[in-house]
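Okay, structure first, notes after.
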Amino acid sequence: MSDLAPICYAICYTYQATASIDVRLVAGMNIDTVCRDIVEHVQTHCPGAQVELIHGYEAYKVKVSHPQVQRVIGAMHDLCDSLGEAQTPVILPTIGGSLPLHELAQALDMPLISMPLANHDDNQHAPNENLRLNNFVNGISTALMAVHGLSQHQSP
């Protein structure tokens with residue numbers, strides 16, 4: 001007989017899991033419909049699962065052809081010309097990310113235009129996220145020119 005006491009191993013399996021789902025909507029998607037579909041999907045594949053909806057908002061998009069957007073585009077062309085920029089400004093109909101612009105646009109009853117000023121390699125939301133000082137300073141000029149353009153330019 002051995003002097004060693006028997007060793008017992010216990011393996012514990014957890015019966016609970018937690019998951020977080022972040023959904024980015026695009027214009028035309030309804031938040032209530034999307035949330036309902038997610039809840040139904042989870043409960044179909046994980047009967048008895050509890051789903052907690054924390055917050056959300058509708059997607060927002062203003063058409064590039066909107067008169068206010070065209071005024072800002074005109075102002076950006078003027079800014080590029082005055083700075084001697086060879087390239088025209090880049091106009092993107094949508095950009096990544098989520099902002100609660102839908103509610104703000106409804107409350108103000110006016111279109112909202114987003115003009116990012118980040119550098120292409122800014123590492124957004126990373127520990128070493130950065131913004132070049134020159135981009136920040138140019139962003140101030142750009143925003144001022146956009147506001148000025150809204151008051152000066154006529155829509156095509």
First locate atom [atom1] of [X], then atom [atom2] of [Y], and finally report the distance between them rounded to the nearest 0.5 Å.
X	Y	atom1	atom2	result
Ser141	His148	OG	NE2	13.0 Å
Ile38	Ile21	CD1	CD1	5.5 Å
Asp78	Met145	CG	CE	5.0 Å
His41	Cys46	NE2	SG	8.0 Å

Worksheet entry | N/O donor-acceptor pair under 3.5 Å between Asp122 side chain and Leu131 backbone |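 No, the answer is negative, given that no donor and acceptor are paired below the 3.5 Å cut-off.
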Discussion item. So does His66 get a backbone contact from the side chain of Gln70, meaning a donor-acceptor N/O pair under 3.5 Å?
Written reply: no
Where do [X] and [Y] come nearest, in terms of heavy atoms and distance?
X	Y	result
Val64	Val69	O-CG1, 3.4 Å
Met29	Val34	CE-CG2, 3.6 Å
Val72	Met115	CG1-SD, 3.8 Å
Glu129	His125	OE1-N, 3.2 Å
Ala27	Ala59	N-CB, 3.5 Å
Val62	Leu112	CG1-O, 3.4 Å

Worksheet item: Would a 4.5 Å heavy-atom cut-off, applied to side chains only, mark Leu79 and Thr142 as touching?
Response: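 The answer is yes, as the side chains (C-beta and beyond) meet within the 4.5 Å cut-off.
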Worksheet item: Does some side-chain heavy atom of Asn130 sit less than 4.5 Å from a side-chain heavy atom of Asn123?
Response: yes
Practice prompt. Mind checking side chain to side chain contact (heavy atoms under 4.5 Å, CB included) for Thr33 and listing every partner two or more places apart, or none if nothing turns up?
Written response: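 Counting only residues at least two positions away or on another chain, Thr33 forms a side chain to side chain contact (heavy atoms under 4.5 Å, CB included) with Asn30, Arg36, Asp37.
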Tabulate below the donor-acceptor pairs under 3.5 Å that side-chain atoms of residues 99-111 make, not counting sequence neighbours, or state none.
none

Fill in: Heavy-atom neighbours of Phe136 CZ exceed 12 at 6.0 Å
no
Worksheet entry | CD (Gln50) with more than 12 external heavy atoms under 6.0 Å | no
Worksheet item: What about Ile113 and Leu144, same hydrophobic cluster or not, with Ile/Leu/Val/Met/Phe/Trp/Tyr joined at side-chain heavy-atom distances under 4.5 Å?
Response: no
